[in-house]
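Below is one structure, written out as structure tokens; the observations come after it.
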Amino acid sequence: MILILQLFLYCLLFFMMVKLAAGNNGINCLYFYPKAYQEKAIELGLADEQTIKRKGKAFMIPFLIILLLALTGIISVWNQVKDFKTAYWQAVLFLVVMNWFDGIVLDGIWVGHSKIWVIPEMKDVPYIKSWKDIFLKRSIATILYAIIALGVAGIVVLMGKV
């Protein structure tokens with residue numbers, strides 16, 4: 001039961017950071033949109049490529065660090081995991097749930113149905129990923145996260161020795 005609460009809190013953290021970055025206007029997170037959409041925004045003078053890249057880095061670096069710190073903290077401090085196998089499987093669980101949460105809830109439902117992500121000057125330009133694309137990308141990412149979980153488990157074990 002505690003893992004369900006932790007998964008909920010981890011996904012909530014993920015959501016809140018994206019919401020904070022977006023505010024009430026998708027233009028703030030143009031780096032999340034497909035490349036063709038970004039190029040159209042640049043063409044319309046809504047943004048420039050350097051700004052998109054700069055904002056993307058300014059969001060993604062702290063975002064990834066915070067998620068990594070939260071994940072290792074949950075597993076090592078809250079759950080008090082000391083062994084690699086348990087740390088690995090918990091890391092896989094959190095990363096895979098976060099991956100599918102991002103794909104289904106954020107990309108598929110929130111982005112697909114919220115006015116926040118509609119940029120008025122570009123409302124006729126498609127930006128929503130198809131469910132097929134979401135499932136394909138998330139399936140591939142699931143394999144990648146299983147590999148990343150090895151590093152997370154290693155960090156958790158090292159933290160347990162400190």
Test of understanding: clusters of I, L, V, M, F, W, Y form through side-chain heavy atoms closer than 4.5 Å, transitively. Do [X] and [Y] belong to the same one?
X	Y	value
Leu5	Phe15	yes
Met16	Met98	yes
Val96	Leu150	yes
Leu20	Val18	no
Ile2	Ile75	yes

Within this structure, what is the [atom1]-[atom2] distance for the pair [X] and [Y], rounded to the nearest 0.5 Å?
X	Y	atom1	atom2	answer
Leu64	Ile61	CG	CD1	8.5 Å
Tyr88	Leu93	OH	CG	11.5 Å
Leu12	Gln6	CG	CD	14.0 Å
Leu44	Ile119	CG	CD1	10.0 Å
Met122	Glu43	CE	CD	9.0 Å
Leu71	Ile74	CG	CD1	6.5 Å

Between [X] and [Y], is any pair of side-chain heavy atoms under 4.5 Å apart?
X	Y	result
Phe101	Leu7	no
Asp102	Trp110	no
Ile42	Ile52	yes
Val111	Ile116	no
Glu39	Lys35	yes
Leu9	Trp78	yes
Met17	Ile66	yes
Lys137	Lys129	yes

Tell me whether [X] contacts the main-chain N or O of [Y] through its side chain, where contact means a donor paired with an acceptor under 3.5 Å.
X	Y	value
Ser130	Asp133	yes
Asn79	Val81	no
Tyr10	Leu67	yes
Gln38	Leu30	yes
Tyr33	Trp117	yes
Tyr31	Phe59	no
Thr142	Arg138	yes

Would you say NZ of Lys57 has more than 12 non-hydrogen atoms from neighbouring residues, nucleotides or ligands within 6.0 angstrom? no

Do other residues, nucleotides or ligands put more than 12 heavy atoms under 6.0 Å from the CZ atom of Phe8? no

Tell me yes or no: between the side chains of Asn25 and Lys115, is some donor less than 3.5 Å from an acceptor? no

Aromatic contact, Phe14 with Phe63 (centres under 6.0 Å): yes

So, Trp89 versus Phe94, ring centres under 6.0 angstrom or not? no

How are the rings of Phe135 and Trp100 set relative to one another: parallel (under 30°), tilted (30 to 60°) or perpendicular (over 60°)? tilted

Please assess Leu136 against Lys132 for the test side chain to side chain contact (heavy atoms under 4.5 Å, CB included), listing each intermediate value before the final yes or no. CA-CA 6 Å; Leu136 178 63; Lys132 179 182 174 186; 5.6 Å; no

